**Q** 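Handing you a structure now.
Note that ligands are numbered from 1 as they come in the structure, with each ligand's atoms numbered from 1 the same way. Sequential numbering from 1 along the given sequence is applied to the chain's residues. Remember, predicted model here, so these are calculated numbers, not experimental data.
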Amino acid sequence: MSVKFYKSEHQVPLEMHKVRMVQKLSLLPVEERLKKIQEAGNNTFLLQNKDIFMDMLTDSGVNGMSDLQFGAMMQADDAYAGSESFTRVKAAIKEVFGTENVLPAHQGRACENILAEAYVKPGMVTLMNFHFTTTKAHITRVGGVVEEIVDAKGLIPQTDDPFKGDFDLDKLRSRIDELGPDKVAFVRVEAGTNLIGGQPVSLSNMIAVTDICHEKGVKSVLDASLLQDNIYFMKMREARCKYMEIKDIYHLLADHFDIIYFSARKLSFSKGGIITSKDPKFTKEMMEYVPLYEGFLTYGGMDVRTMEALAQGLYESLDMEYINQGPEFIKYLTKELSDYGVPVILPAGGLGCHLDCQAFVPNMPHNQYPAGAVSAALYIIGGIRPMERGTLSEQREPDGTERYAELELARLAVPRRVFTLSQLKYVADRVKWLWDNRELIGGLEWVEEPKVLRFFFGRLKEIGYWQEKLAEKFRQDFGDSL
Ligand SMILES: *Cc1c(COP(=O)(O)O)cnc(C)c1O
């Protein structure tokens, strides 16, 4: 939650939890950081955690676990089949979503693999507000096509629109008609639209999408990985949700969507993945893929301790004082930066604060990877690890030409219940310094470029010697300080 401070106009986020287990961090000198990022091929995925001060790569699998989650992990029931831990997962899903049909998987993308295997045939189209990297990779791997139908407002970096993840409903309707329902594998709604800045979808828009699907005879799928943040925004920004119980929103969604899946690395502060549906028909259609790819139907690749943490974490995702922590910290960081003039995605969304790198380094061409360059620079000057979410994260076209991203973002993820406010103040300070010194940032070029999901393990190098100059300027301005 956030509180007003004495003699201050600003709301300040306040941690409604205390830290009872700690992990030591290190902050290397800038010269060391320069060396480390170059050894990592300028790819923040290839840095070692021990060399990082603020790990803002992702909110996936790195959220703060509660005392009750750790407690639950101790009562895990080890069994190949019929584990009590899975029974507790099912009970939590029943409580939170109101659904009884549950398939386990080892993480979110495994659910996507199962969905793609079960429903996507070569040439079929999946319509979605926006793609996610792993979703698209699984769909295209089996010969499917992804089309995005996000409302035009979603791609405007700075607006004050509360629900930038919304579908363009007219376009959805006409696209289904053009294709014919048989050619549409499913319509996928991504809550908390990841790649456009963690932007939420309104409850009304989600329901309208499912109504269109129902009317046209097309399956509707909700990717609920970021639903926790999305529900926070529904409660804050959508009049009809203000007085609804959080649980009622989950239940309403489960009543409307044919299939819901999520990465438990995000929703539920744990690890693992879940597919659930109100109608057993859907889970039956997907069931055979679970033992094939994941594991038996009562663990699906998750270990029993993970399942216990998942079950407890789902109950916690009904607690406003837990679910507001991430978005309020992100809002604080975003406001600090935007007040200073740093181009960030507005309004603040879930999962992290996103720097708009097309505006940060406006003269850099897409094929020098502006978001990758800003991400590498942030590590050099602050020991901060962002994730590139721009052209590097795209796949080339089949003929080898670059597909330029709609938005060039450097994402500063804020894992839930992990960082303190002084750590975020540090990040804001270093980003402001980089903004004032942005003319020193140069581009990147490939050294090794993998064909699939290249952003995970590709290696690049600086064009020229801008990184050395950036580190030198940092040293001049900060003296002996880290
Ligand atoms: C993270 C994420 C996934 C994939 O989940 P993993 O557990 O990382 O495999 C899918 N969809 C969305 C929206 C995500 O944010």
Side-chain angles (χ1 to χ4, degrees), residues 45 55-63 89 103-117 120 126 128-141 146 148 150 154 164-167 186-201 206 221-233 253 257 259-276 289-290 293-295 300-303 306-307 309-310 313-314 317 326-327 330 349-352 354 387-389 393 409 411-416 452-453 455-457:
F45 275 99
D55 187 6
M56 306 181 86
L57 186 75
T58 178
D59 61 330
S60 173
V62 289
N63 297 294
V89 167
L103 298 176
H106 79 275
Q107 64 185 94
R109 70 200 64 185
C111 304
E112 293 168 340
N113 177 42
I114 292 168
L115 271 164
E117 287 278 341
V120 182
T126 48
M128 48 188 78
N129 43 350
F130 211 75
H131 80 282
F132 183 68
T133 50
T134 56
T135 325
K136 185 169 175 178
H138 281 296
I139 289 168
T140 51
R141 189 183 64 80
V146 167
E148 291 161 343
V150 72
K164 287 166 76 178
D166 280 356
F167 272 75
F186 52 80
V187 173
R188 168 180 170 276
V189 177
E190 185 178 307
T193 328
N194 193 321
L195 296 190
I196 61 168
Q199 297 295 325
V201 184
M206 285 195 191
V221 175
L222 175 66
D223 178 345
S225 303
L226 302 177
L227 184 59
Q228 175 188 310
D229 303 330
N230 200 122
I231 285 182
Y232 165 81
F233 291 118
L253 292 172
F257 280 93
I259 298 166
I260 295 178
Y261 76 93
F262 63 88
S263 166
R265 299 175 66 85
K266 286 113 180 207
L267 184 65
S268 82
F269 314 95
S270 59
K271 308 265 171 25
I274 293 289
I275 304 175
T276 185
Y289 300 102
V290 176
Y293 290 116
E294 302 299 308
M302 288 185 275
D303 73 70
T306 295
M307 291 198 285
L310 193 168
L314 274 180
S317 74
I330 291 160
L351 101 114
H354 297 71
M387 187 191 290
E388 196 273 356
R389 291 277 83 154
S393 298
L409 305 180
R411 176 176 86 188
L412 296 163
V414 180
R416 303 165 187 89
V452 181
L453 297 174
F455 62 92
F456 276 136
F457 40 88

**Q** Side-chain contact, heavy-atom cut-off 4.5 Å: E190 with I196?
**A**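 Counting from C-beta outward, E190 and I196 never come under 4.5 Å.
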**Q** With heavy-atom distances below 4.0 Å as the criterion, list the atoms of ligand 1 near S60.
**A**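 Those atoms are 8 (O).
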**Q** Which is closest to atom 2 (C) of ligand 1 by heavy-atom distance: Q107, H138, E190, K266?
**A**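 Closest candidate by heavy-atom distance is K266.
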**Q** Select the closest option to atom 7 (O) of ligand 1 among A224, S263, G192, judged by heavy-atom distance.
**A**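 The option holding the nearest heavy atom is S263.
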**Q** Can you tell if the side chain of Q199 reaches within under 4.5 Å of the side chain of N129, non-hydrogen atoms only?
**A**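 Result no, sub-4.5 Å side-chain heavy-atom pair not found.
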**Q** Check each atom of ligand 1 against the heavy atoms of G108 and keep those under 4.0 Å away; list them by number with element.
**A**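 Once the distances to G108 are compared, the set is 5 (O), 6 (P), 7 (O), 9 (O).
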**Q** Measure from atom 9 (O) of ligand 1 to every heavy atom in R109, H131, R188, E112 and give the option owning the shortest one.
**A**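 Nearest heavy atom to atom 9 (O) of ligand 1 lies in R109.
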**Q** Taking D229 first and then K266, would you say they form a salt bridge - that is, a charged N and a carboxylate O separated by under 4.0 Å?
**A**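 Between K266 and D229 there is no salt bridge, as every charged N stays at least 4.0 Å from the carboxylate O atoms.
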**Q** Does the pair R141/E117 count as a salt bridge with the N-to-O cut at 4.0 Å?
**A**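 Yes.
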**Q** What is the ring orientation for F456 with F45, classed by angle as parallel under 30°, tilted 30 to 60°, or perpendicular over 60°?
**A**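 Geometry flag for F45 against F456: perpendicular rings.
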**Q** Of all the atoms in ligand 1, which lie at a distance below 4.0 Å from a heavy atom belonging to R265?
**A**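 In order of numbering, the contacting atoms are 7 (O).
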**Q** Can you tell me which residue and heavy atom of the protein come closest to atom 11 (N) of ligand 1, and the distance to 0.1 Å?
**A**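 Residue, atom and distance for the closest contact: D223 OD2, 2.6 Å.
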**Q** What protein heavy atom sits nearest atom 3 (C) of ligand 1, and how far off is it?
**A**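 For atom 3 (C) of ligand 1, the nearest protein heavy atom comes out as F132 CE2, 3.4 Å.
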**Q** Please tell me whether N194 and R389 have a donor and an acceptor in their side chains that are separated by less than 3.5 angstrom.
**A**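 Judged by distance alone, the side chains do not pair up.
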**Q** I'd like to check R188 versus F132 (side-chain heavy atoms, cut-off strictly below 4.5 Å). Are they in contact?
**A**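 A side-chain contact under 4.5 Å exists here.
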**Q** Can you name the atoms of ligand 1, numbered from 1 with element, that are less than 4.0 Å from a heavy atom of T134?
**A**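 The atoms of ligand 1 under 4.0 Å from a heavy atom of T134 are 4 (C).
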